[in-house]
Amino acid sequence: MCLGKTYLDCLAAFGIGGAHPGGLQLTKNLLANERFDENMVVLDAGCGTGQTAAYLSKEFDCQVLAVDLNPLMVEKARERLVNLQKDICIEVADVQSLSYEEGSIDVILSESVISFTNLTISIPELTRVLKNNGKLFAIEMVLEQPLSADGRKEITEFYGMDQIWSVNEWMRAFLAAGLTIESIEVPELETDIDDIETATDFSLSESIDETFHDILNRHVVLTENYKDQLGVRIFKCTK
Ligand SMILES: C[S@@+](CC[C@H](N)C(=O)[O-])C[C@H]1O[C@@H](n2cnc3c(N)ncnc32)[C@H](O)[C@@H]1O
């Protein structure tokens, strides 16, 4: 990776909100039929700049928790959330090792986060903190078609991922953690370019290294080059 800077460092420097495929619009669609009351605890796992956490706290009465491994992301999420009247508990934490008690969370959202972790550690850990009958919603990258060894290396090195998982491999990981898979959907990724509320938002750092522009450009190129091999699924699981 260019000068030791990673793709995730780049997202943090630009402070890209809704940094998952489909952005906030897909989050809204995903949650459209959910009902969260004030007794429920919802965790935005890998919250980035907190766009989804802010949406959750504005739309629902539930208690919102948010964690991210990247301190700059958490700082930018705090800046976003400080103006909301709600009490949102946000902290730097690794979804592979959470401080929450077992069975303490009703709903967990992972919006393009588990893909960046070791699935065999993060999925069991997220399952541990979920209540019985709790839900895990994950919007994640999947391998649609076999990739050459070089292609796999290029993608995993660029995004800093251990692996790229096929839908079957994701399913095996959820089932191995004791979750039930309720549905697997191919999301509608079209966004409404006239809708300011769901447009990608940025919380730029004061100075942005030129390297980060290169990384963002490379992301765009890779997305285009591998559009047939890489896809997205929404996994809805219950414990
Ligand atoms: C593609 S971004 C998505 C951010 C956010 N969910 C969103 O949709 O805007 C991936 C995020 O996962 C976070 N992340 C990666 N590995 C993590 C881990 N082990 N624990 C917590 N957060 C992690 C990164 O810091 C980054 O903010």
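For ligands, and for the atoms within them, numbers begin at 1 and follow the listed sequence.
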Where at least one partner belongs to residues 99-140, residue pairs that pass ring pair (Phe, Tyr, Trp, His ring centres under 6.0 Å), sequence neighbours excluded: none
Counting only non-hydrogen atoms and a 4.0 Å cut-off, the residues near ligand 1 are Leu8, Leu11, Gly18, Ala19, His20, Gly46, Cys47, Gly48, Asp68, Leu69, Asn70, Met73, Ala93, Asp94, Val95, Glu111, Ser112, Val113, Phe116, Thr117
Between Leu98 and Ala93, the two heavy atoms sitting closest are CD2-CB, 4.4 Å
Consider only side-chain heavy atoms of I, L, V, M, F, W and Y, link residues closer than 4.5 Å, and tell whether Leu24 and Ile139 are in one cluster. yes
Heavy-atom nearest pair, Ser99 first then Glu91, reads OG-OE2, 4.2 Å
In terms of heavy-atom contacts, Ile234 and Pro187 come closest through CD1-CB, 3.9 Å
Please name the pair of heavy atoms, one in Leu119 and one in Ile114, separated by the smallest distance, quoted to 0.1 Å. CD1-O, 3.7 Å
